[in-house]
Amino acid sequence: DGGITQSPKYLFRKEGQNVTLSCEQNLNHDAMYWYRQDPGQGLRLIYYSQIVNDFQKGDIAEGYSVSREKKESFPLTVTSAQKNPTAFYLCASSTRDRIYEQYFGPGTRLTVT
Amino acid sequence: AQSVTQLDSHVSVSEGTPVLLRCNYSSSYSPSLFWYVQHPNKGLQLLLKYTSAATLVKGINGFEAEFKKSETSFHLTKPSAHMSDAAEYFCVVIPHTGGFKTIFGAGTRLFVKA
């Protein structure tokens with residue numbers, strides 16, 4: 001079964017701690033994306049990667065970091081510099097020529113207290 | 001500047017009645033437009049897409065949308081709502097400026113009453 005997996009589904013952290021969210025895909029997609037979803041605000045792009053070892057900032061990259069060492073993996077680290085980290089985080093992937101057809105993972109709900 | 005506005009944050013319909021979810025966009029370039037659906041605590045699923053072919057686009061689960069350039073709209077419709085349609089719906093614009101920019105609307109929550 002091809003798809004995208006995100007783990008864990010729920011994550012709780014204390015303020016001041018860095019936390020890494022996992023995203024893995026076996027769709028052989030070149031492009032991967034991280035979005036943040038807050039109530040009433042839709043999705044906002046944090047980072048995206050078009051190819052291994054390359055990534056670009058999205059609209060709200062401050063306080064986040066990513067790596068793309070393997071095609072199938074695109075982990076997101078939420079650092080202590082992120083002022084409001086509590087949110088639902090969604091990872092997606094697509095082929096490079098059909099970026100509109102993004103396949104989404106089930107999401108990780110991060111709560112920081 | 002490019003933007004997308006979903007005109008209703010919540011829509012409530014009775015089962016078996018028509019659904020209309022409204023979306024207006026603003027784009028300096030000929031855009032591609034999409035609708036995604038999200039069920040509670042799940043990822044998003046592509047419902048349908050408009051990429052400059054036919055202006056009336058049919059998607060999955062009986063949904064369709066019509067691109068109206070003169071009105072800068074891309075409203076989502078379904079003739080008869082089903083309980084399983086209850087979800088959040090996002091209108092998405094990709095302006096053809098190159099790059100990977102995708103612009104999501106704020107979402108419309110659809111409630112379906114029995």
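Each chain gets a letter, A, B and so on, in the order its sequence line appears, and its residues count up from 1.
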Counting only heavy atoms not in [X], do more than 12 sit closer than 6.0 Å to its [atom1] atom?
| X | atom1 | value |
| --- | --- | --- |
| K69(B) | NZ | no |
| Y103(A) | OH | no |
| E62(A) | CD | no |

For residues [X] and [Y]: do they belong to one hydrophobic cluster (side chain heavy atoms under 4.5 Å, members Ile, Leu, Val, Met, Phe, Trp, Tyr)?
| X | Y | value |
| --- | --- | --- |
| Y10(A) | V19(A) | no |
| V112(A) | V78(A) | yes |
| L110(A) | L76(A) | yes |

Chain A contact via Q38(B) - which portion, at a heavy-atom distance below 4.5 Å: side chain
Per-residue contact mode, L46(B) against chain A (heavy atom under 4.5 angstrom): side chain
Side chain / backbone / both / neither for [X] at chain B, heavy atoms under 4.5 Å:
| X | answer |
| --- | --- |
| R44(A) | neither |
| D38(A) | neither |
| Q56(A) | neither |

Atom of Y35(A), atom of T102(B) and distance for their closest heavy-atom approach: OH-OG1, 3.1 Å
Non-hydrogen side-chain atoms of L44(B) and L43(A) separated by less than 4.5 Å: yes
Side chain Y36(B), main chain Q102(A), donor-acceptor under 3.5 Å: yes
